[in-house]
Amino acid sequence: MSAKKVIIIGAGLAGLSAGCYSRMNGYDTCIYEHHSEPGGVAATWRRGEYLIDGGIHFMMGYKNGTDLFNIYRQLGVADPANFVPAKSYGSFIDIEQGRQLDIPLNISELALDMKMLSPADTPLIDDLATAVGAFSCKDLTTYGQINPPELTSGLDRLTTIWKMRGLFKYMSGKYTRSMEEYTSGMQNRWLADCLNNLFTPQSPVWFVIMLLAIAGDGQISYLSKGCKDFVLQIEKRYKDLNGEIIYSTTVEQILVNNDCAIGVRLTDGTEDFADYIISAGDIHNTVFHLLDGKYIGKKLQNKFDTYELSPPYFAASFGVKHTFENENVFNTIVLKQPLRIGKREIHQIFVRIFNYSNHFAPEGKSVIQAEFETDWDYWDNLWQTDKEKYTAEKERLASEILTHLEMLYFGLSQLVEVTDIATPCTLNRYTLNYKGAPEGWRINLQNFKEETRRTLEGLSNLYLAGHWVSRGVPGVILSGRQAVQLICAKEKKPFFTRTT
């Protein structure tokens with residue numbers, strides 16, 4: 001009897017992960033990818049001698065001994081050469097006030113620096129440092145995500161509780177509030193803003209504590225060759241497992257018979273049939289386009305009606321004849337004057353410096369990238385109605401960003417050899433992400449507590465994976481694995497993994 005077949009829509013991290021685990025469990029597979037190459041949001045591209053990385057900022061759990069490292073081994077990306085250990089969490093720089101706060105990985109050092117800046121805020125600083133210390137030396141990289149919620153048993157929950165013993169104090173009460181609420185009583189508002197932006201102001205305190213603990217344990221790194229090389233290694237693992245992948249091919253419709261997903265129709269009219277479908281792309285596109293608005297269910301419809309989307313980004317990257325030695329990789333910069341885009345003012349930008357590897361630029365050169373949240377409707381309207389104005393607006397902003405960076409790096413404009421600009425429309429064209437939203441819904445207290453189901457109401461044999469059902473690189477990779485776990489569970493067969 002021939003093996004059952006799984007069709008996977010999308011060759012991003014979730015789709016490739018799903019493909020690998022499908023093959024490990026004996027399913028015939030075919031991945032259809034809209035773009036000409038894998039990766040989705042995890043993308044890099046060449047501009048002359050420079051490599052522009054528009055994707056993964058950092059990786060967690062890259063050292064042996066964590067659950068996540070075992071996942072990397074299964075996907076063929078556990079090679080130590082892939083990773084460059086982070087030496088700092090980053091810097092916060094206020095150009096106008098001439099102040100800077102560096103965030104060391106060691107929480108005791110950070111607490112001391114913060115108390116020197118603001119002795120009046122010592123109680124909160126000590127509270128934060130104590131919580132981070134409690135989380136240290138524990139494997140938190142796959143917290144609660146090894147199994148999909150549908151397959152998480154009472155015993156699994158008890159096991160998690162046992163592993164997290166001693167930490168529940170820090171995952172309840174005030175630690176479940178948002179960072180901006182937690183820091184609202186701080187005397188030093190600059191310091192409060194820095195803490196709020198360690199991740200996002202809306203994220204729960206316990207999550208930021210967990211990130212600082214993971215960083216302090218030396219489990220955060222950068223990808224030495226950029227995210228595309230990382231993606232290509234997973235693609236190779238998938239192909240080595242004899243998986244099929246077809247690029248530059250867009251799925252137009254998911255075929256359904258008697259409320260059961262049975263295959264896909266491509267834009268050229270070709271139909272391909274399978275026993276299971278895994279949609280590892282944009283859920284909005286899956287539900288409202290590929291399934292004609294059916295099977296959404298009340299809960300998912302309520303999310304689309306009431307939840308904010310994750311904000312899209314504008315990114316300007318510059319290939320420069322400068323190495324930025326001793327500069328931190330991540331820098332949040334408060335501008336002296338705001339950038340104005342339509343009716344919106346941008347008061348700070350996130351600056352990423354690719355000075356940790358020689359794979360992004362020739363010797364003596366590097367890439368510096370600035371990004372900030374922006375509005376989809378503004379850019380989409382320009383793209384649809386006036387492409388000349390769209391191009392001019394991109395160039396204006398890139399020029400103004402350089403002017404601000406000049407205040408930190410004198411003469412930088414004269415060192416620029418390459419400029420690359422990406423808007424929300426760029427992401428939408430290459431990945432079909434709804435309204436350029438890179439991570440589905442905006443992270444807030446409400447959706448941090450929720451477990452997104454991997455299935456659609458009333459439709460069998462279709463499973464969801466990707467950034468709409470889970471967040472962050474670990475969550476997205478694990479979501480592909482979880483989709484295959486659900487297929488195996490439906491067939492009452494054990495779920496297998498294999499390492500390289």
Side-chain angles (χ1 to χ4, degrees), residues 8-19 31-46 51-60 75 77 82 199-200 222-223 225-235 238 245 247-248 250-251 278-286 308-317 330 350 352 354 360 367 369-374 376 379-380 420-443 452 464-481 483:
I8 299 162
I9 304 172
L13 288 173
L16 291 171
S17 172
I31 299 177
Y32 288 107
E33 168 56 41
H34 166 75
H35 194 21
S36 59
E37 54 191 37
V41 176
T44 63
W45 51 94
R46 281 280 170 192
L51 181 66
I52 309 299
D53 193 322
I56 299 169
H57 288 72
F58 63 86
M59 301 293 295
M60 296 191 300
L75 296 177
V77 290
N82 286 335
F199 194 64
T200 69
Y222 316 117
L223 289 172
K225 300 178 184 178
C227 62
K228 184 176 180 180
D229 185 80
F230 182 79
V231 168
L232 289 175
Q233 289 180 49
I234 304 179
E235 181 204 46
Y238 173 64
I245 187 165
Y247 292 109
S248 302
T250 305
V251 173
I278 298 176
S279 181
D282 185 276
I283 286 186
H284 188 278
N285 180 61
T286 298
E308 289 184 75
L309 298 175
S310 66
Y313 286 88
F314 177 98
S317 303
F330 297 148
F350 178 74
R352 187 178 174 194
F354 296 83
F360 298 96
V367 174
Q369 181 183 85
E371 63 182 27
F372 53 82
E373 294 180 1
T374 186
W376 164 259
W379 290 103
D380 183 52
D420 180 86
I421 307 167
T423 76
C425 299
T426 312
L427 180 65
N428 175 262
R429 289 200 307 277
Y430 288 110
T431 67
L432 301 181
N433 277 30
Y434 179 57
K435 293 190 173 182
E439 296 175 342
W441 290 288
R442 178 189 282 273
I443 293 173
T452 301
L464 304 173
H467 58 268
W468 289 85
V469 299
S470 194
R471 60 180 59 87
V473 175
V476 168
I477 288 174
L478 287 167
S479 72
R481 183 181 192 267

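Numbering of residues begins at 1 and proceeds along the displayed sequence. Everything numeric here is computed off the predicted structure, so don't read it as measured data.
Pairing each heavy atom of Q369 with each of D53, the nearest pair is NE2-O, 2.8 Å. Smallest separation of non-hydrogen atoms from P438 and V41: O-CG2, 4.2 Å. Shortest non-hydrogen contact noted between S470 and S479 is CB-CB, 4.3 Å.
Under the 3.5 Å distance criterion, with hydrogens and angles disregarded, a donor-acceptor pair is assigned to the side chains of S279 and T286. Using modelled atom types and a 3.5 Å distance limit, the side chains of N428 and W376 yield no donor-acceptor pair.
Checking side-chain atoms of N433 against main-chain N and O of L427 turns up no donor-acceptor pair under 3.5 Å. Side chain of S17 to main chain of I477: a donor-acceptor pair is present (N/O by atom type, distance under 3.5 Å, no hydrogens or angles). Counting only distance, with no hydrogens or angles, the side chain of E33 and the backbone of A11 share a donor-acceptor pair below 3.5 Å. Put simply, the side chain of H34 gets close to the backbone of R429: a donor and an acceptor are under 3.5 Å apart.
Using bins of under 30°, 30° to 60° and over 60° for the plane-to-plane angle, the ring pair H284/Y434 lands in the parallel bin. Between W468 and W441, the angle of the ring planes goes over 60°, which puts this pair in the perpendicular group of the 30/60° scheme.
Contact check for T374 versus P311: no side-chain heavy atoms found under the 4.5 Å cut-off. Counting only heavy atoms from C-beta outward, the side chains of I9 and Y32 never approach each other to under 4.5 Å. The shortest distance between side-chain heavy atoms of E373 and Y313 falls below 4.5 Å.
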#### Entry: Residue pair F58, F330: steps toward the side-chain contact (heavy atoms from CB on, under 4.5 Å) verdict
CA-CA 10 Å; F58 63 86; F330 297 148; 4.0 Å; yes

### Query
Would V476 and R471 count as a side-chain contact (heavy atoms from CB on, under 4.5 Å) if you check the C-alpha gap in whole Å, the side-chain angles of each, and the deciding distance to 0.1 Å?
CA-CA 6 Å; V476 168; R471 60 180 59 87; over 6 Å; no

### Task
Would you check, one step at a time, whether the test side-chain contact (heavy atoms from CB on, under 4.5 Å) holds for F314 with I421?
CA-CA 8 Å; F314 177 98; I421 307 167; 3.4 Å; yes

